[in-house]
Amino acid sequence: MAQLSGGAIQAMIQGESPDHPILQVINTRKITSNGSQDRYRLMVSDGTVTYSQVMLALQLNNLMEEDKIDQLCIIKVNKFMCNTIQGNKRIIIILDADVLQRGSEVQQRIGNPQPLRAEGAAPANRAPARPPLNPARQFSPGGNRPAPVNNANVKPAASGPGTPGSSRVHPIASLTPYQNRWRIRARVTQKSNIRTWSNSRGEGRLFNVNFLDESGEIRATAFNEGVDKFYDLLEVNKIYYVSKGTLKTANKQYSNLKNDYEMSLNPETVIEPCNENVDLPSMTFDFVPINEMEKHQANAIIDVIGVVKVCNDISTVVGRQSQKEITKRDLQIVDQSGVAINLTLWGDDAVKFNGDGNPIIAVKGARLSDFGGRSLSALASSQIILNPDTREAHMLRGWYDRDGVNMDFASFRSDGPGAGGGGTNWKTFSDVKTEGLGHGDKADYFTSKATVIFLKKDNCMYRSCPTDNCNKKVIDQGNGLYRCEKCNREFPSHKWRMILSANLADHTDNQWITCFQESAETLLGVKADELGDMRENNEPAFDQVFQQAVFKQYVFKLRAKVEMYNEESRLKTVCVNAAPVDFIDYSKHLLEQIAALGI
DNA sequence: CCCCCCCC
């Protein structure tokens, strides 16, 4: 049985750097805070004492989730840091560890360890003569090099200008809104362009950066004066000391970073370049090969690298929501997987992009959309790197110049009406609920095969303005004229417009949807004007249209978005298109689903 | 304090 490192915990807490201490995990606990990343807290033993102020760094969560760390297992701690919270509690964050022996093999507590209290364990509080601990000294710097135990040998981590005496560097993972006397040392891994906003609460400018250190990452935003102060100073890949930023709870909806908090960079915030040679992790990419894009969920944020095979001219589109004109540029990028995908750049990124000579493009944090099978969009928060000096990029360059240039590339299948193959984002209604579709900041599009089980006759149609593209409800003046407030005119005629509520069912659940004109006409099998006429003049015929329209099945393309309605949020699902089931196509989808079961 | 990231 493994020998535990007796005395190691006390040493760790006191700011020493025991070499790869061997500890036993006595207990584990999952800490779940509302909708955010799970954290794991451990009670560990070194055979002499047990200590429960121990956290697993987020990047080790997999050890818990894959059940590698279990009760009574023996671990070797390769890297850790120790930090003071709430004034005098010492907390150990395990940054890297190996499991030496599983708890199921060990089966017992080793030794007779006694609990060690967290409070006052820090020598800084007991021995005021001693300088504050510098957690950065406590890294065991990885590999087999033992970290220096003698503090005198170690240069204080923070010897930046203008900050004498404040040598403590805090891990990003320890930042909270409840403690503002911190200072981090971190690398900028992403930086956005400067963006302006204007809404009911005001207007201004902002940009975002991501900071990364050994313990984790955090997103920071600078507003207005903060933009002037920090935009040029902060450069991607460089390392900075940051203090006096404001922390607040991160809105997870808008960030894929592993941190519950975000930082605001105010005019009071202090940022200094770190000129020392420190070993911090750099931007890491997790490139998804282009032929594997379909394995990822629509709207996932992913990293991609490819050769720009086609660079289209810039063009403009008008945003559906904003009604603003936006510049964009479509690229087609390819990689060794032999598949091509569309990548759209927006705004400045689009204007400035030069695709001459088939450059290599790497994008960190691109959004994967399901348009046209699969396509990519570079967000403001994405980092776009042209011809990066990396192994992947050089390999791609060599491959493309030698072979790729003459290859034919497969592309993702179109997602147009009637198409149902690999590109379609098929969902059952239970998927819609369990996957929380429509809960993002953006509507989710999906396709379902379903049966109409109920159609609401009441309020299913209204008289609308006869002007083309004006679908505003008109007011019956009672004199044969209909008034449109939007056009500010009276008309002797009107059109019928439909807003049909339908309840659909598939084999998993049911779903209320709203159908507008075209899809409502499809479901009912009559034109809106005919139906309006029936409603006015032939009610039995009107009723019969509804009776014969139920229990028919279609392939529905639906758009889902949570909306507030009477202070209540509900999922609003709108029918974009309803089409008769193409059974050949639908069967292909089913066969793919069966194949995916792997049975 | 943003949180839009669009369009086909």
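The shown structure was predicted, so the numbers you read here are calculated from the model rather than taken from an experiment. Only this structure's heavy atoms are used, side chains among them; waters, hydrogens and symmetry mates stay out.
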Rounded distance (Å) that lies between atom C1' of dC2(B) and atom CD of Q190(A):
16 Å
Atom pair distance, as rounded to whole Å: CG in N312(A) and C1' in dC7(B)
14 Å
Could you list the residues that satisfy ring-ring contact (aromatic ring centres under 6.0 Å, His included) with W512(A), not counting sequence neighbours?
none
Take the protein atom CG of N259(A) and the nucleotide atom P of dC3(B), then report the distance between them rounded to whole Å.
21 Å
Taking any heavy-atom pair under 4.0 Å as a contact, classify S377(A): base, sugar-phosphate, or nothing.
sugar-phosphate
Suppose the criterion is salt bridge (Lys or Arg N to Asp or Glu O under 4.0 Å): which pairs have a residue in residues 302-313 of chain A, not counting sequence neighbours?
D303(A)-K364(A)
Measure the acute angle between the ring planes of F223(A) and W197(A), then classify it against the limits of 30° and 60° as parallel, tilted or perpendicular.
perpendicular
What integer distance in Å separates Q332(A):CD from dC8(B):P?
21 Å
Are F223(A) and the base of dC2(B) stacked, counting only ring centres nearer than 5.5 Å and planes tilted under 30°?
no
Over all strands shown, is E325(A) touching base, sugar-phosphate only, or nothing at heavy-atom distances under 4.0 angstrom?
nothing
Residues two or more places apart in sequence or in another chain: which of them pass side-chain contact (heavy atoms from CB on, under 4.5 Å) with D431(A)?
K427(A), T428(A), E435(A)
Are any of N199(A)'s side-chain N or O atoms less than 4.0 Å away from OP1 or OP2 of dC2(B)?
yes
Could you tell me the separation between the CD1 atom of I314(A) and the C1' atom of dC6(B), rounded to a whole number of Å?
16 Å
Which listed nucleotide (dC8(B), dC1(B), dC2(B)) is nearest to the side chain of L206(A)?
dC2(B)
Which part of the nucleic acid, if any, lies within reach of R205(A) when heavy atoms closer than 4.0 Å are counted: base, sugar-phosphate only, or nothing?
nothing
Can you list every salt bridge (Lys or Arg N to Asp or Glu O under 4.0 Å) pair that touches residues 333-350 of chain A, not counting sequence neighbours?
D348(A)-K352(A)
Can you list, in residue-number order, the parts of residues 343-351 of chain A that come under 4.0 Å of DNA chain B, counting heavy atoms only?
T344(A), W346(A)
Excluding sequence neighbours, so at least two apart, what forms side-chain contact (heavy atoms from CB on, under 4.5 Å) with I301(A)?
N256(A), R367(A), L379(A)
Whole-Å gap separating C1' (dC5(B)) and CG (N251(A))
16 Å
Among dC4(B), dC7(B), dC2(B), the nucleotide that comes nearest once only the side chain of A380(A) is considered:
dC4(B)
Any donor and acceptor pair, going by atom type alone, linking the side chain of N358(A) with main-chain N or O of V308(A) inside 3.5 Å?
yes
Looking at every strand, decide which applies to D330(A) at a 4.0 Å heavy-atom threshold: base, sugar-phosphate, or nothing.
nothing
Rounding to an integer number of Å, can you tell me how far M263(A) CE sits from dC3(B) P?
21 Å
Find the distance R367(A):CZ to dC5(B):P and express it as a whole number of Å.
7 Å
Donor-acceptor pair under 3.5 Å, R201(A) side chain vs dC2(B) base:
no
Is there a side-chain contact between L331(A) and V310(A) in this structure, where contact means two heavy atoms from C-beta onward sitting under 4.5 Å apart?
no
From dC5(B), dC8(B), dC4(B), pick the nucleotide closest to the side chain of R195(A)?
dC4(B)
